[in-house]
Amino acid sequence: MKKKKALTASVAVLLATSLAACSGGNNGNNASPSAAPSGSASSGASASASASSAPQRDAYKIDVFSMLSNFSGEQQGWFAKVVKDKFNLDLNIISSNLEGGGDVKFSAMMSAGSLGDLVVFGDDGQKYQDAIKAGMLLDWTQDGLLDKYGPNLLKYAPKAIEKNKVNFGGGSKVYGIGFDVGEGDGPSEGKDMTYNPNLRFDLYQKAGSPKITKMEDYLPVLKKMQELEPKSDSGRPTYAFSMWQDWDGNMMMNTKAWAGLNGFDETDGFNNGGFTLISADKSEVQGVLDEDGYYMRGLKLYFDANQMGLVDPDSMTQKFDDVVNKMTDGQLLFTWFPWLNTYNTPERLAEGKGFALVPFEEERTFSYGYNPYGGNRVWAIGAKAKHPERVLEFLDWMYSPEGTMVANYGPEGLNWKLENGKPVLTDFGKQALPSNATAVPEEFGGGTWKDGQNQINNTTLKMTGINPETGDPYDYTLWTSTLAAAPNKLEENWRAAMGGATSAKDYLQKNDKIAINKQIFTGTAPEVISDDLSQKQGQVSQVIKQYSWKMVFAKNQAEFDKLKKEMITKAKGLGYDDVFNWNKAQNEKVFEYRNK
């Protein structure tokens, strides 16, 4: 998800990747934004030696073509200032999500002969490989660029570099690097997982904390919660589910999320998405159209929810950002993704109000696992970049400990500071993180924390990995100082109800509710689907998406059943089985590697 496709991604990220206003006061007054962060965390930047001379170099506006970003235009705010001060770069972000969709914008830019200066691919499949074949991407080994300008990449992501060299560069060239590079055992997520059924926990408790066995059991609980709080803070109606179409790929993303809560996802960690949903830790594959599969169950769940008045009627037309605004306002009662939670401001948490994990007994949340080879979302540099060394230098910094800290949390002195070598949140950080609209002091770039966040929407080093400069994970929720802090009222209530678990991941681990995807290295690139099958996939995916949304908003059960039958007939008539069988065959090759 973000984190878009942070969910085919992430995430990531939504995202991981991801996403209350107060003045911020004097919390950022201890450091100049243009100064290199002090303390041990700053040493990682020294590897990019020439970066320190950036202010003397000419200003350079680079086009960042991101297939994951939810923002188009020039990067603003605190992150823009960091990049300007350090590299004298301005980032003009081109979002394929917002400019015609991934295929349309990518094709247009390929036809125009340039993919921009810095390129973020949603996966390492056909588009990435086509761009390499077409000569649209820079070989980082050309003229020794990687050795000269990529010391952090070579130091902190050597296996990811090697994977790209072997899999995509014929063993000698490097055209890109995957995201979320990190080594370790166990689930790779932080205190929260990528997929978590998070509910307004205060309302859930007011509703009597009913037992939830299977995913469909959420509906009566959410209805009761809606009755308890029918209006948001601004007086708008509340809903359990508010969805968006702009992250849909081969299927309806918000429906696929239920598969993620049951240990299945659209990728096996090596092959890219098709019409299969693959178990993280078993040799099992479901088809999107399987009668008892999680996708079809999800569609039925949403249909039933809509009949109960639990689905936001704007879902078919709104964008991701609209949903974020509704979450902030308190219009939502449920989210599949903890990183989407912008409701939990410090003020609300202190009152005992906010979202938290409410698991169901059958839950087995999908974990992506640590991946030293890097995930399939790729950073690359356009072959026509005017100054490729400066683009690589910027990317190299993003893969350094300093860059990872600053790109996510701002320069030292804003959200965080070092005490005895360990990171500690400032008062500003406690207000602003993870993604609040907290006013940023002018010396750090002004605007709000939320609006000034890095809008490229791809990660570099795994945030739950250990920062060698501090000995703590990069993820601020896992810092020693954060874990030692007194819990807020909501956390107190949640921990008491969850048997003393300290976090969602802690609870899910202790109760064996996490399915960890095992990462593999094959020495080959993912097989690219044929043109014939690709054409079929495109046609079938349109049918599946169009009918999925219609089924959710069907007026009654008879119409739902009719639409479902039509969807299956049309999809199969256009070649669904051919594409599914090809996807499944690729997944089974991965199972062989997993089982070695």
Side-chain angles (χ1 to χ4, degrees), residues 9 44 47-48 118-133 135-185 188 267-272 368-383 388-389 391-401 403-404 458-468 474 517-528 586 589-590 592-594 596:
S48 293
L118 182 61
V119 190
V120 176
F121 289 86
D123 59 54
D124 55 11
Q126 187 152 11
K127 292 186 181 69
Y128 179 53
Q129 295 179 46
D130 284 351
I132 292 173
K133 290 175 185 172
M136 302 287 280
L137 299 181
L138 177 78
D139 169 20
W140 298 1
T141 67
Q142 178 181 309
D143 300 326
L145 286 172
L146 181 60
D147 290 335
K148 188 173 182 181
Y149 297 99
N152 290 299
L153 289 159
L154 294 169
K155 181 176 181 179
Y156 297 108
K159 292 180 181 177
I161 291 290
E162 186 63 19
K163 170 193 165 182
N164 261 274
K165 185 180 291 184
V166 172
N167 286 9
F168 304 101
S172 61
K173 300 178 180 179
V174 176
Y175 293 102
I177 185 168
F179 80 119
D180 263 3
V181 176
E183 301 207 34
D185 298 320
S188 57
T267 178
D268 53 26
F270 180 70
N271 294 296
N272 301 305
Y368 293 94
Y370 285 99
N371 190 351
Y373 311 109
N376 66 353
R377 286 189 269 158
V378 179
W379 295 90
I381 296 173
E389 76 284 357
V391 182
L392 181 58
E393 185 182 67
F394 168 58
L395 183 58
D396 179 73
W397 173 76
M398 298 272 280
Y399 273 83
S400 73
T404 303
N458 195 19
T459 59
T460 54
L461 301 180
K462 189 68 181 174
M463 292 299 290
T464 53
I466 298 297
N467 180 347
Y474 294 106
N517 195 44
K518 181 180 177 181
Q519 302 296 335
I520 62 168
F521 178 65
T522 66
T524 60
E527 193 165 331
V528 174
Q586 308 312 311
K589 293 176 188 174
V590 169
E592 292 179 11
Y593 277 96
R594 281 186 187 173
K596 286 181 179 176

For residues A383 and G135, report the shortest heavy-atom separation together with the two atoms involved.
CB-O, 3.3 Å
Which side-chain hydrogen bond (donor to acceptor under 3.5 Å, both in side chains) pairs, counting each pair once, include a residue from residues 157-177, with sequence neighbours left out?
Y128-N164
Interatomic distance, OH@Y370 vs CG@D185, rounded to 0.5 Å, equals 9.0 Å
Partner set under salt bridge (Lys or Arg N to Asp or Glu O under 4.0 Å) for E527, not counting sequence neighbours
K589
Taking only residues two or more places apart in sequence, or in another chain, which ones meet P468 in a side chain to side chain contact (heavy atoms under 4.5 Å, CB included)?
Y156, P401, Y474
For E592, give me all partners under side chain to side chain contact (heavy atoms under 4.5 Å, CB included), at least two apart in sequence or on another chain.
none
Between V166 and Y373, is any pair of side-chain heavy atoms under 4.5 Å apart?
no
Counterpart residues, side chain to side chain contact (heavy atoms under 4.5 Å, CB included), relative to A160 (two or more places apart):
A157, I177, V181
Keeping the roles fixed (side chain from W397, backbone from L392), state whether a donor-acceptor pair exists under 3.5 Å.
no
Verify side chain to side chain contact (heavy atoms under 4.5 Å, CB included) between T404 and Y399, making sure each step is shown before the conclusion.
CA-CA 6 Å; T404 303; Y399 273 83; over 6 Å; no
Taking the side chain from D139 and the backbone from T141, do they hold a donor-acceptor pair closer than 3.5 Å?
yes
Nearest-0.5 Å distance that lies between atom CG in L138 and atom CG in L145:
6.0 Å
Could you tell me the separation between the CE atom of M398 and the CG atom of N458, rounded to the nearest 0.5 Å?
8.0 Å
Pairs of donor and acceptor atoms involving the side chains of residues 517-524, under 3.5 Å and at least two apart or interchain, shall be tabulated with distances.
unit_1	atom_1	unit_2	atom_2	d
N517	OD1	R594	NH2	2.8
N517	ND2	D268	O	3.3
K518	NZ	R594	O	2.7
Q519	OE1	N371	ND2	3.0
Q519	NE2	Y368	O	2.5
T522	OG1	T524	N	3.1
T522	OG1	T524	O	3.0
T522	OG1	T524	OG1	3.0

Find out whether L154 and D147 are in side-chain contact, i.e. whether some heavy atom of one side chain is under 4.5 Å from a heavy atom of the other.
yes
Quickly, which of V590, D123, N376 forms a side-chain contact (heavy atoms from CB on, under 4.5 Å) with N271? Name it, please.
V590
Apply the side-chain contact (heavy atoms from CB on, under 4.5 Å) test between W379 and each candidate in L153, V120, V119; give the one that qualifies.
V120
